[in-house]
Structure formats: C-alpha cells, structure tokens
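What you are looking at is a predicted structure, and each value in this text was computed from that prediction instead of being measured. Letters go in sequence order (proteins before strands), and every chain restarts at 1.
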Amino acid sequence: MIMLIPYMQRASKLLIPHKFISSIRLYNSFASQLSPTFHAFSNVDSVVSALITAISTCSSISYCRALHCRVIKSVNYNHGFIGDQLVSSYVELGCTKDALELFDELPDKDLVSWNSLISGFSRRADLGICLGLLFKMRFEMGLKPNEVTVIPVVSACAGVGELDVGKCIHGIALKSGMLLEVKVVNSLINLYGKCGCLEAACCLFEGMSVQSLVSWNSMVAVHVHMGLAEKGIGYFIMMRRAGINSDQATVVSLLLACENLGVRKLAEAVHGYILNGGLDGNLAIATALLDLYAKLGILSDSCKVFGEMINPDAVAWTAMLSSYAMHGRGREAIEHFELMIREGVLPDHVTFTHLLCACSHSGLVEEGKNYFKIMHKVYGVELRVEHYSCMVDLLGRSGHLNDAYKLIKSMPIEPNCGVWGALIGACRVRGNIELGKEVAERLFSLDPSDSRNYITLSNMYSAAGQWRDASKVRALMKQRVLIRNPGCSYIEHGNKIHCFVMGDQSHPDTERIYNKLEELVRKNREVGFASKTEYVLQDVDEEVKEDLINKHSEKLAIAFGLLVTNAGMPLIITKNIRICGDCHGFAKLISLIEKRPIIIRDTKRFHHFTNGLCSCGDYW
DNA sequence: TTAGGGTTAG
C-alpha cells in the first residue's frame, strides 16, 4: 500500500493551478458528503463520476494522492473503473512507481486495465515498460492483445525510433488480422515514416481500402518531419483533390512545412488560410504559427500571435519563451517565465531547457545558475541531460571552463554528445586547445561519424596557427570518409530563395553583386573597419586571407539583398552554420552605414543588426 | 491512430 496520508496533509498547502479549480469544486461538492456515513449517500454513481472527472483532470501529484485517499475511504477500486483512472493519472503525472504499485493491487484486472496502463506509458514514450507489460499480459495473464493494445505500443516505437521492435508488432498485428483496422495502419504509417522508411509508409498508405483523414495527415506529417516539405505539401494537395477536408493537425503540419522551407510568402499564405477557416483560435495552430514567425525572424509577429491567445498553455508559453531565447532577448525571456509562473501555468522540462538557453545566449550566468538550482526543488522538474548541456554551455562560454568540466564530472546521468559538444564549443570560443583536444577524443569515440567534432578541433588548431595539427585532423576526416558541407547563406526575394556559398559566381546578377560588395567593403574601410583575418582558417598570405574573407557567403547575401530591396527594408538572411566574427562586425557597420536592419539566422538563433549594434551584444 | 514548445559543436 502506498503511504497516502502525509501527501493528503501536504496537498492542502500546495498551490493548485486555476484551470483545475472547476473540477476540484465539482469534486468538493460531492466530497463534502463523503464521510463515514457515506453508505447513506443515495447516488454513489454520481460520486464515482465526480471522482473520475477530478482524477482525470488533476495535474498535481499531491492532489492526485489526496483523491486516491478519498477513493480508498469511500468506494471500491473496481467501481466505474476508478482504479484504472487513478493508474492512468499517476502515469500521466510521471509517478510511474506509484502507478505500477497500484496496478498490482487492483483486483480483477481486465484487458481494458492493461490497455490503459500500456497507453499511459506509451504517452511517456517509455517503450521498455510498454513491452514488459505487453509480455506479462500475454504470457503471464494469458490475455490476448487487441488493436487498442497494439496502437500505443507502435506509437511508443515511433516515438523512440525503435523500428525493429515496431516491425515485430507489425507482424503480430498482421497475423491477428488487425491490419483491417484503419487506426492500426495509421499508427504503422507513422512508425515507418518517423523511422525514415518512407517507402514502407507509402506502401501501407496506398494499400488501404479507405484512407481516413488521419491517414492523410500522417502522410503529410511524416514527409514534413523527414525534411521533405514539398512532398508533404503535395500530399496535402492530393488530399484536398480527394475531397478530404483538413483539420488542425493538417494545418500544424503545413506550418511546419513552411518552417522547413523557410519561405515567408508561403507562411503568410497559410496564415491567410487559417484566418479564412476561423482556425486562429486553435491553440496548437496558434502555437505553431508563433513558433514559425520566430523562426522566420519576425519576432514581433510571434508576440502578436501570443498576445491574441486565450488561456495559453505551457506549450504556448514555452514557444514564446524559446522565441525570446532564439532572438537573444534573455531579459525578456526571464520576465516572460516569471509571468508564466504568476499566471499559474506549470513549467516543464522543455520550458527550463529554453530558459537556461536564454540565460546562456545573453551571458546571464548568475540567473542561469539559480534557475538550474531551483528547477527541481521548487518546480519539481527533473534534471535531464539537455539541461546539463545548457549549463555547460552557459558556464563554458562565459569563461568558466573548469566549472563546466566539474559539472560534467558530477553528473548523476551519463553525459552524451550534446554535453561534450557544448564543452568543445566553449573550448573553441575560449581558445583552450588542451581541454578541447581531450573533449574531441571523447566525442570521436562516442560518435566517430559526426564531422562537426573534427571540424571544430581542426578549426581550433588553425585559429592558433597550428596548421600541421589542423591538417592531421582533416586527414583523419578524409580517412573516415567524412565530408564537410560548405557554409552557405540564403535570402528570400521574388518568390525565390537565393543561395550563396563563399566566392560564389553562379548567380545571374554576379557582376552587380560583386560591385556592390566592393563598394560596401570600401565604405567599411573608410570608417576604420579592418578585416579580422584570424577568422580565415587557411594557411595563406594575409592578402589572400583578406580576399577570401570578403567573399564570405553572408557578405554576398547582404550585397544582393541591398541591391534588390527598397531602402529601409530589413534584410533577413539564413546561414547553415554560425556567422563568422568578421562578417558579424561587417554586418554591424553596414546596418549603420546603409541604415538597414539586418537579421541573420544561423542554425538555431538570430542576430539582429541595427544602427551598428547587434542584439547579441557581441556575446555568442 | 495524426498535429503545437527541444538545448549544445562547423
């Protein structure tokens, strides 16, 4: 038996989010009559139904335990499947131990009880427990799984990318004739799609006698998730031609496709579609839209979408927080987080990932350290490996490399590539070759196929003038058949994405672009800007270095943008790697000289250049 | 059964 009394006593002292107050009131109106004289109460079913409603909507562990206590005192576990509901809520709230203990205690467990437990662990993407339960149910209890059992297990496989296990479940479903059930096939489409087997997903889809809206949605979603946005949109068009009306899941996938393609015009078109269909009040759609605008560089539109939301939930608050973080607005991110807490919305592990990241990107070391310290103590959010990555980044980037290293050594969980990656990044910024070399060795053994590790180490050697060591690392890369993708910059103009690589001469307007660039370089020199040739990581003469750096892809994109857009219009440029220090300084001055806001997005975040300054405060 | 927020390194 789980000890519930202390939790009951504590529950009354804890803050319960306001959105659950209505269900608590509903429960309380009955609970006031739940006493030792309960048997005199005439409508037991009403009490059970009120308890079930309260249990199913409860988001606080302590409150759930208090309700559990009331169940023990008042009704039978089997009454109206109240025991199953308690188990589900415990799983949902992350109390997996309590859920499994209670499940063991439940008398007369049937297929529904097992299915609801498996489904709960599937939502937590805990495939191990799902499989254990499936095995126990089948071979110890002799219960035959049905469609409702199989679907969440397949979904859990998709969630963690376990294709082989998923294939076994596919086999079981096939043998049991479950493939006639549309929902089972849909879950399999999702599994194969998410695991990168698009051919298998398409084959299942085409083999269906009738495709449901979810089948179409799955096809759109899996293609978009695999980075094949155009194909995803193609399925959307086919779906419309087949006379199927889209729903919110379709629209969310379309918004993700826009993000994938990075085309603002398309995003605006989908936004129009959302407004026409009256879908703007949908929280999932509004959140995806907010996130999309932020990723396209238009933070003001993200703020607008968030401001228009009615009762934003934790995901929406977190999306806005991540937008601030992405745009280097650390202080605003913190204010937003504090407001979220005051509004009674509970932060989760993703919220803290972004909050720590916001602190890291803005150099708010003390604030970040404090949130890291209290996130579990005050908010009950468990520390995950990604939180450690953010902290290592925060400490390392701000120059506390030893503290970052000590933190890794003290981790209660195994540090992964992300954690070591954050440290090597900090070593590069701080020019600590000794530690960088050690970290690189760890990364090489953890993932020998990730070319970034080799490139970072080689660049560290080059920046220190250790050309021989740099070339040795490059040779190792060659030996392991790893290639380096060239850095490129993109800019949208006239319904087209224009892409530039360093020294690019393939654009039809090349001559004009180079003339403009020459003019910009000259203007920069006139105001005293000296090229930072230390960012050229090749062993060549100073003059050649200057020539190379002046042809960097972001400079070409800036020159092109200035040529084709009207005065005063902001330039929005996307880079596939981080902007170099020289281009950063160049963009700052151009924003001042040409009176143009310039926004440059690298793989994850934005630099806003205005009037000679950058939003990152030169801290990146 | 599908869909919204995910950090860190070129």
Check: Counting side-chain heavy atoms from C-beta on, which of B:dG5, B:dT7, B:dT2 comes nearest to A:Ser389?
Finding: B:dT7
Item checked: Whole angstrom value for the distance that separates P of B:dG10 from CG of A:Asp447 -> 16 Å
Notebook entry, point to check: Can a side chain N or O of A:Arg384 be found less than 4.0 Å away from OP1 or OP2 on B:dT7?
Noted result: no
Notebook entry, point to check: Given atom CG of A:Leu407 and atom P of B:dT8, what is their separation to the nearest angstrom?
Noted result: 16 Å
Margin query: OP1 or OP2 of B:dA9 versus the side-chain N and O atoms of A:Arg397: is any pair under 4.0 Å?
Written below: yes
Notebook entry, point to check: Is the shortest side-chain N/O distance from A:Ser155 to OP1 or OP2 of B:dT2 below 4.0 Å?
Noted result: yes
Margin query: Could you check whether A:Tyr192 and A:His170 have their ring centres less than 6.0 Å apart?
Written below: yes
Next item on the list: With heavy atoms under 4.0 Å as the rule, sort A:Leu423 into base, sugar-phosphate or nothing.
Entry: nothing
Check: Taking the six-membered ring for Trp, is the centroid-to-centroid distance between A:Phe337 and A:Tyr371 below 6.0 Å?
Finding: yes
Next item on the list: For residues A:Phe352 and A:Tyr379, establish whether the separation of their ring centroids is below 6.0 Å.
Entry: yes
Check: Do the two ring centres, one from A:His271 and one from A:Tyr293, sit under 6.0 Å apart?
Finding: yes
Next item on the list: For A:Thr603, report the nucleic acid contact type (base, sugar-phosphate, nothing); a contact means any heavy atom under 4.0 Å.
Entry: nothing
Check: Separation of A:His387 atom NE2 from B:dG5 atom C1', in whole Å?
Finding: 12 Å
Check: Is any side-chain nitrogen or oxygen of A:Asn217 closer than 4.0 Å to OP1 or OP2 of B:dA3?
Finding: no
Note to self: Output the rounded distance in Å from CG (A:Asn432) to P (B:dA9).
What the structure shows: 16 Å
Next item on the list: Tell me which nucleotide among B:dG10, B:dT8, B:dG4 gets nearest to the side chain of A:Ala316.
Entry: B:dG4
Margin query: Side chains of A:Asn115 and A:Thr149 only: does a donor on one sit below 3.5 Å from an acceptor on the other?
Written below: yes
Checklist line | Given B:dG5, B:dG10, B:dT2, the nucleotide with the shortest approach to the side chain of A:Arg428 | finding: B:dG10
Checklist line | Phosphate OP1/OP2 of B:dT8 contacted by A:His354 side-chain N/O (<4.0 Å) | finding: no
Next item on the list: Return the 5'-most residue of the pair A:Asp247, A:Val419 with respect to DNA chain B, ranking by each residue's nearest nucleotide.
Entry: A:Asp247
Next item on the list: To the nearest Å, give me how far apart CD (A:Gln211) and P (B:dT1) are.
Entry: 20 Å
Next item on the list: Write down the distance between CG (A:Leu191) and P (B:dT2), rounded to a whole number of angstrom.
Entry: 11 Å
Next item on the list: Report the distance from atom NZ of A:Lys183 to atom C1' of B:dA3, rounded to the nearest whole Å.
Entry: 16 Å
Checklist line | Pair A:Tyr235 and A:His223, ring centroids less than 6.0 Å apart | finding: yes
Next item on the list: Check whether any side-chain N or O of A:His361 sits under 4.0 Å from OP1 or OP2 of B:dT8, and answer yes or no.
Entry: yes
Margin query: Regarding A:Ile577, tell me which of base, sugar-phosphate or nothing describes its non-hydrogen contacts under 4.0 Å with the strands shown.
Written below: base
Margin query: For A:Phe306 together with A:Trp317, are the ring centres under 6.0 Å from each other?
Written below: yes
Check: Side-chain N or O of A:Lys194 less than 4.0 angstrom from OP1 or OP2 on B:dA3?
Finding: yes
Margin query: Closest approach to the side chain of A:Gln248, judged atom by atom: which nucleotide of B:dA3, B:dT8, B:dA9 is it?
Written below: B:dA3
Notebook entry, point to check: Under 4.0 Å between a side-chain N/O of A:Lys604 and OP1 or OP2 of B:dT8, yes or no?
Noted result: no
Notebook entry, point to check: Under 4.0 angstrom, heavy atoms only, what part of the nucleic acid is A:Gly425 near: base, sugar-phosphate, or nothing?
Noted result: sugar-phosphate
Notebook entry, point to check: To the nearest angstrom, how far is A:Leu188 atom CG from B:dT2 atom C1'?
Noted result: 13 Å
Notebook entry, point to check: What's the closest nucleotide to the A:Val315 side chain, out of B:dA3, B:dG4, B:dA9?
Noted result: B:dG4
Next item on the list: Answer yes or no: side-chain N or O of A:Asn282 and base N or O of B:dG4 forming a donor-acceptor pair under 3.5 Å.
Entry: no
Item checked: Per A:Ala249 side chain, nearest of listed nucleotides B:dT1, B:dT2, B:dA9 -> B:dT2
Note to self: Is it the case that B:dT8 (base atoms only) and A:Asp393 (side chain only) share a donor and an acceptor within less than 3.5 Å, ignoring hydrogens and angles?
What the structure shows: no
Margin query: Once you apply a heavy-atom cut-off of 4.0 Å, does A:Ala284 come out as touching a base, just sugar-phosphate, or nothing?
Written below: base
Notebook entry, point to check: Base, sugar-phosphate, or nothing for A:Asn453, non-hydrogen atoms under 4.0 angstrom?
Noted result: base
Item checked: Nucleotide nearest A:Ile455 when distance is taken to its side chain, options B:dG5, B:dG10, B:dA9 -> B:dG10
